[in-house]
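We count ligands from 1, going down the list as the structure has it; atoms in each ligand are counted the same way.
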Amino acid sequence: MKIVVYRLIHLSLVLLLMVGGVAHSANAPLRMRHAMVVSQETIASQVGADIMKAGGNAMDGAIATAFALAVTHPSAGNIGGGGFLLYRPAQGEPVVYDFRETAPQASRPDMWLVDGKYDAQRHHFSHLSVGVPGTVAGLHLAWREHGKLPWAQLLAPAIRLASQGFIVSDELSTSLHEGMRRMQKYPAANVQFSNNGKPFEQGERLVQKDLATTLKLISRSGPDGFYKGRTAQLIVKEIQSGGGVLSLKDLADYRPVVRAPLRGTYRGYEVLTVPPPSSAAAVIEMLNMFEGYDVGSMGFGTTATLHLMTEGMRRVFADRAHYLGDPGFNPDMPMQRLLSKEYAASLRTTINLKSASPSSPDSFDWPEESPQTTHLSVVDSARNAVSLTYTLESAYGSGIVAPGTGFLLNNEMGDFNAQPGLTNDQGLIGTSPNLAEPGKRMLSSMSPTILTKDSRLFMVTGSPGGRTIINTVTQTILNVVDHNMNAQAAVDAGRIHHQWLPDTVYAEKFGFSEDSLSGLRSLGHQIAMRESFGAAQVVVVNQKDGMLEGGADRRDADSTVAGF
Ligand code: DON
C-alpha cells in the first residue's frame, strides 16, 4: 500500500517548473544538450551554468558555483572549510584536489580532554574545533591547473551576491532559524546571519558586506588574500582570543594536495573516487561486494536487496574504522587489499543471505556528525566533469565568524577521534589512524564520485550527510546501474544507512514498503526510521543520445539543475 501511495505522490509531481533553463524537476530528469550544474542551491547552480555559457569549462563552472554557494548556502557552502574535488577531463588523466582542513601545529591527540576527561563541546563546538581551512587554496590550485576563464571572473558573481544581497528562500530561512541558536553567541555571526537579531524570513534580502570584502581580496590576490594579510590576521585574532590554537603560520603553510583518484570497476563501468583522508574507498569496496549478486533481479527496495546492502555497509564501515586516516600519517593503510575484487569475494563468504550478522559487541561506533555539507556535479559541452563535495562539518560549522571577515569557520577538528584508547559503546572511538596530530588531515566520508563507460563519461554523483554519504553515493549508483533508474529517480528513491555500529538499519520514512521492512526485521535487523539522508546531486550522460540528465535532490528544496 505504501508503495502505491509513494508512486501516486510521484506521479502527481511529474511537472517541471522551468524558468529560463533552471528547473526543479520531478521524477523525470531535466535534460540538457551542452552543459549542466546540479547543486544544492538555485542561484549558485545558475551562476555555474552562466559561467559555462560565457565560455568557461566544467572546472570554471564548478569553482564559480562553489564560491556562489559560500554566499547563498552558508550552512555548508564555504571559504572557511574544506573538501575534495574530483576532476575528470574528457581527454587526459583524472585528478583529485584534496583541500581537506589540517590540524594546527599545536594540536595533540588528547587536546579534547579537560582534567583528563573527554569534553565533546570542546571537540566539536569551540575555537579548538577549527581546522586550517582548505577551500580557497584548493579551488585556486584546481583553477590554475584546469580552469579556462580568469580567476576574477569566477569570483565576480559571488562578490555581487554578497555585496548586493539576494532574496532568502524558505529553505534558507528555516535553516537560519535553526543555525542561529548556535551562532548567536558569536557577535559577528549574529550580525551577519540575523536581521537585527531576528533570523531572516523568506523574501528578505541577505547582504554580506564583510564577505564581499574578503572575496574581493581573494579575487585580487588569490590564496594570499585569505591565508596572509588582513584575512589571516582577523582569523587568528578571533581564534586565539577564544582559546584556540590556529596560528598565522598554520594559515601560511596550508597546502592542498593533488592525489590520484581511487579506481574500481562495477559491472563494466569504471568508478573513480577520492582516496584517504576521505573514506570513499568504502564505495568501491561495497560495489565490489555487490557485483557478486544480481542486484537488478533482486529488485529495488525488496527485503533481499535491503539485507544485502546492510551487510555490505556493515562490513565497509568496520574497515573504515579500523584502517583509514590521513595517508601522510598512516603509510601502511591496506588500500590495495581493501579495493580488490579478491577481498570483496572473501567478504561475500561472510554474508548470510538469510540472516543478519552481528556487529561485534566489543567494538565501537563513530561520534555524531550532523547532516551539513554540500555537493555539486558539473559537466561541460566537451564532457569534462567535476564532482565536488565540501563542508564546514556541522551546519554553519563552528558558528564562529571572525569579526570583519564575513565567513564561517569550520568545526572539522570534530572529525578526529576523541581520545587515544577510549573506545566505548557510547559513540567514542580512540583508534590511532585518526587521532589529532600537528598538520594531519581528519578522516572524511566525503565521496565525490564519477563513473565512465568505455572511457566516456557516464555519471557524476555525490552527497552531503556525514557517514551516510558513502551509502547514499553507493545507492545512487545501484539505482542507475542495477535498477535502471534515470538520474532524478535515482536521487528520489528511498535510502537506507548502516554504519556497523550502532547495529541499526536507518531507513527513510517514505522510501520502503512495510512488507520489505518487516521482512528485514525477520532476518534479524533492528530498524529505525529517519526523515531523510543526504542531498545527492547527480548527472547521468544518456548513452543513447548523449544528452545530460540531471537529478537534483528535493530532500533539500533549493537543489537545482541548471544548464543549457
Ligand atoms: O568530512 C566529513 O565526512 C564530514 N565532516 C562531513 C559532514 C557532513 O557531511 C555533514 N553533512 N551533511
Side-chain angles (χ1 to χ4, degrees), residues 39-41 69 73-78 80-86 96-103 123-125 129-135 138 171 175 178-179 182 273-283 316-317 320-321 324-326 366-376 387-399 408-418 429 433-434 436 440-449 461-474 495 497 499 506 508 530-537 553 555-556 558-559:
S39 88
Q40 214 170 333
E41 200 281 320
L69 285 166
H73 187 62
S75 64
N78 70 80
F84 298 90
L85 185 158
L86 168 60
V96 171
Y97 294 94
D98 163 359
F99 52 97
R100 183 68 162 165
E101 297 91 331
T102 54
H123 188 193
H124 293 284
F125 298 108
S129 72
V130 181
V132 186
T135 297
E171 183 83 21
S175 158
E178 180 71 24
R182 199 146 42 71
T273 193
V274 299
S278 167
S279 47
V283 172
V316 302
F317 271 88
R320 176 193 193 273
L324 301 184
D326 182 341
W366 285 87
E368 281 298 312
E369 285 161 306
S370 69
Q372 279 302 340
T373 294
T374 194
H375 178 82
L376 49 131
S387 187
L388 192 174
T389 315
Y390 71 154
T391 188
L392 290 165
E393 163 47 9
S394 298
Y396 303 98
S398 61
L408 284 155
L409 290 161
N410 68 80
N411 60 337
E412 217 76 53
M413 295 290 281
D415 278 358
F416 281 118
N417 292 349
I429 168 170
N434 189 39
K440 193 176 187 178
R441 289 160 142 84
M442 54 298 277
L443 183 64
S444 173
S445 299
M446 290 187 277
S447 307
T449 297
T461 181
S463 176
R467 283 157 292 170
T468 69
I469 293 171
I470 289 165
N471 294 330
T472 291
V473 168
T474 303
R495 297 174 189 146
H497 173 70
Q499 57 178 41
Y506 300 92
E508 287 185 322
R530 287 285 180 274
E531 229 32 75
S532 68
F533 311 123
Q537 316 294 347
D553 201 328
R555 290 169 183 79
D556 186 302
D558 288 343
S559 297

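In the model, Ser278 has no side-chain atom that pairs as donor or acceptor with a side-chain atom of Arg100 under 3.5 Å. For the residue pair Ser559 / Asp553, no side-chain donor-acceptor distance below 3.5 Å is found, with atom types taken as modelled.
Those atoms of ligand 1 that come under 4.0 Å of a heavy atom in Asp415, given as number and element, are 1 (O), 2 (C), 3 (O), 4 (C), 5 (N). Distances below 4.0 Å separate heavy atoms of Ile469 from the following atoms of ligand 1: 9 (O). In the vicinity of Ser445, heavy-atom distances shorter than 4.0 Å reach the ligand 1 atoms 1 (O), 2 (C), 3 (O). Using a 4.0 Å cut-off to heavy atoms of Pro464, the atoms of ligand 1 that qualify are 12 (N).
In terms of modelled atom types and a separation under 3.5 Å, the side chain of Asn471 and the main chain of His497 share no donor-acceptor contact. Panel note: side chain Glu508, backbone Arg495; a donor-acceptor pair is recorded below 3.5 Å. Looking only at distances, no side-chain donor or acceptor of Thr461 sits under 3.5 Å from a matching main-chain atom of Val473. A donor-acceptor pair is defined here as one N or O able to donate and one able to accept, closer than 3.5 Å; no such pair exists between the side chain of Ser75 and the backbone of Ala395.
At a 4.0 Å cut-off, at least one heavy atom of Arg100 sits close enough to ligand 1 to count as contact.
Contacts of Glu412 with ligand 1, taken as heavy-atom pairs under 4.0 Å, involve the side chain alone.
Residue Gly465 places at least one N or O, backbone or side chain, under 3.5 Å from an N or O of ligand 1.
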